[in-house]
Amino acid sequence: MTRTFSTDPRRDGYRMPGEFEPHDGCWMLWPERPDNWRLGGKPAQQAFVAVATAISASEPVSVGVSAGQFANARRLLPASVRVVEISSNDAWMRDVGPTFVVDDRGGVRGVDWQFNAWGGLDGGLYFPWEKDDAVAQKVLEIEGRDRYRAPFVLEGGAIHVDGQGTLITTEECLLNRNRNPHLTRNDIERLLQRYLGVEVVLWLGRGVYRDETDGHVDNLCAYVRPGEVVLTWTDDPRDPQYEISRDACERLMQARDARGRRFKVHKLIQPGPLRMTKSEAEGVDSAEGTAPREAGARLAGSYVNFYIGTRRVVVPLLDAKRDGPALRKISSLFPGREVVGVPGREILLGGGNIHCITQQVPSGRRRARRAEPAR
Ligand code: KQY
């Protein structure tokens, strides 16, 4: 049995590593709820299989699946992917899974955040969510890793770290009254410092236009390595994303990270703009308590929502005319890794993308006390 600590990771010498640091594996969940995934989840399941297959060439992948879908998932996923029964309310492992933290002696533990389906009864995306809230503990049991139960609501997609003391997030999400209304900005910074071992919290403003998570940073901006980020971008001043990305860029350019560095910001032109088609909207079941899908709705598509595996970066393909340039740009940012595109539209229709459906398990190997400086 894994132990649950009442201390916090920073006190115990733990920190969240950057996603670009080595992994021991990756966790995902299996999509099936028909009021979020069109056509009973069948097209999304194919997309998840493609993501799991692409990542499994880089590191071991485990997929949690309901009892009812176990045989189907086992049949569709390659033999190299481990399939285990885990109940969940949907399939967003980034947000419901543990955030792993490491120490310098090879220790790996998990932080189990409180989860309220992106806003609870105040704008959240579904009710109930208690199975989702139990996923992190189950993953930690299977991984054999000890657990911290954090005393506040957070989703893994709402944070990015450089592993060297800096965390990036958005005000739209973490300061939203539907997450932790009893906590001030300072309280939240102190909790992030304690639970993720960071020193500096850099606040961006809003996330990607029409992102139903209330602006998760992982759809807007991601670390490539310490000191360097990639930011979703448009050059069209009439697009609502224009101001959002410009504001984020200015904040990044003015900031210094925990090591005193200025940021290098790489702009990545967004796909589209993309919209939900009539037939896509009609394929989603209506249900009490879930947001309806509407034809013509703007989709929060972004190439920044990629997964950095140990050897491969897996990027959503979203727009035939912009995919090529996006893949080339991302390849130039990750010279030591193969960059692979996987169709991402079905995942986007469900409200997120590849980063949102994955959660890395960092390698437990011993670390040098100070990681290498940025290039
Ligand atoms: O993008 C995410 N991290 C989660 C999106 C949830 C959407 C539910 N419809």
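As the structure lists them, so they are numbered: ligands from 1, and atoms in each ligand from 1.
Among protein heavy atoms, the minimum distance from atom 1 (O) of ligand 1 is reached at C356 SG, 2.9 Å. The closest protein non-hydrogen atom to atom 5 (C) of ligand 1 is G351 O, 3.4 Å.
Cation-pi geometry between R145 and F100 is not met at under 6.0 angstrom from the ring centre and within 45 degrees of the axis.
Using a 4.0 Å cut-off between a side-chain N of Lys or Arg and a carboxylate O of Asp or Glu, D319 and K321 qualify as a salt bridge. A salt bridge between E280 and R293 is absent, with no side-chain N of the basic residue lying under 4.0 Å from a carboxylate O of the acidic one. The existence of a salt bridge linking D162 and R259 is excluded, since no basic side-chain nitrogen approaches an acidic carboxylate oxygen closer than 4.0 Å. Under the 4.0 Å criterion applied to side-chain N and carboxylate O atoms, E59 and R312 are not assigned as salt-bridge partners.
Contacts of Y126 with ligand 1, taken as heavy-atom pairs under 4.0 Å, are absent altogether. Looking at R293 against ligand 1, only its side chain comes within 4.0 Å, counting heavy atoms. The residue R94 has no part lying near ligand 1, judged by heavy-atom distances below 4.0 Å.
The shortest N/O to N/O separation between N36 and ligand 1 falls below 3.5 Å.
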Quick one, R246 with E243, criterion salt bridge (Lys or Arg N to Asp or Glu O under 4.0 Å). Give me CA distance, side-chain angles, the key distance, then yes/no.
CA-CA 5 Å; R246 229 179 53 156; E243 276 306 322; 3.7 Å; yes
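Atoms of ligand 1 found under 4.0 Å from any heavy atom of D95, numbered from 1 in the order shown, are 2 (C), 3 (N), 4 (C). With ligand atoms numbered from 1 in the order given, ligand 1 contributes 1 (O), 2 (C), 3 (N), 4 (C), 5 (C) to contacts under 4.0 Å with heavy atoms of T213. Listed by number with element, the atoms of ligand 1 under 4.0 angstrom from any heavy atom of G350 are 7 (C), 8 (C), 9 (N). Residue H216 approaches ligand 1 through these ligand atoms, each under 4.0 Å from one of its heavy atoms: 3 (N). Taking a cut-off of under 4.0 Å to the non-hydrogen atoms of W118, the atoms of ligand 1 that pass are 4 (C), 6 (C).
Using a 4.0 angstrom heavy-atom cutoff, G352 counts as in contact with ligand 1.
The closest side-chain donor-acceptor pair between D211 and T213 falls under 3.5 angstrom.
A side-chain hydrogen bond (donor to acceptor under 3.5 Å, both in side chains) with Y307 is found for exactly one of R94, H23, Q360, E19, namely H23. Among the candidates D112, T7, D12, the single residue satisfying the side-chain hydrogen bond (donor to acceptor under 3.5 Å, both in side chains) test with Y148 is D12.
When the heavy atoms of E212, H355, M93 are ranked by distance to atom 8 (C) of ligand 1, first place goes to E212.
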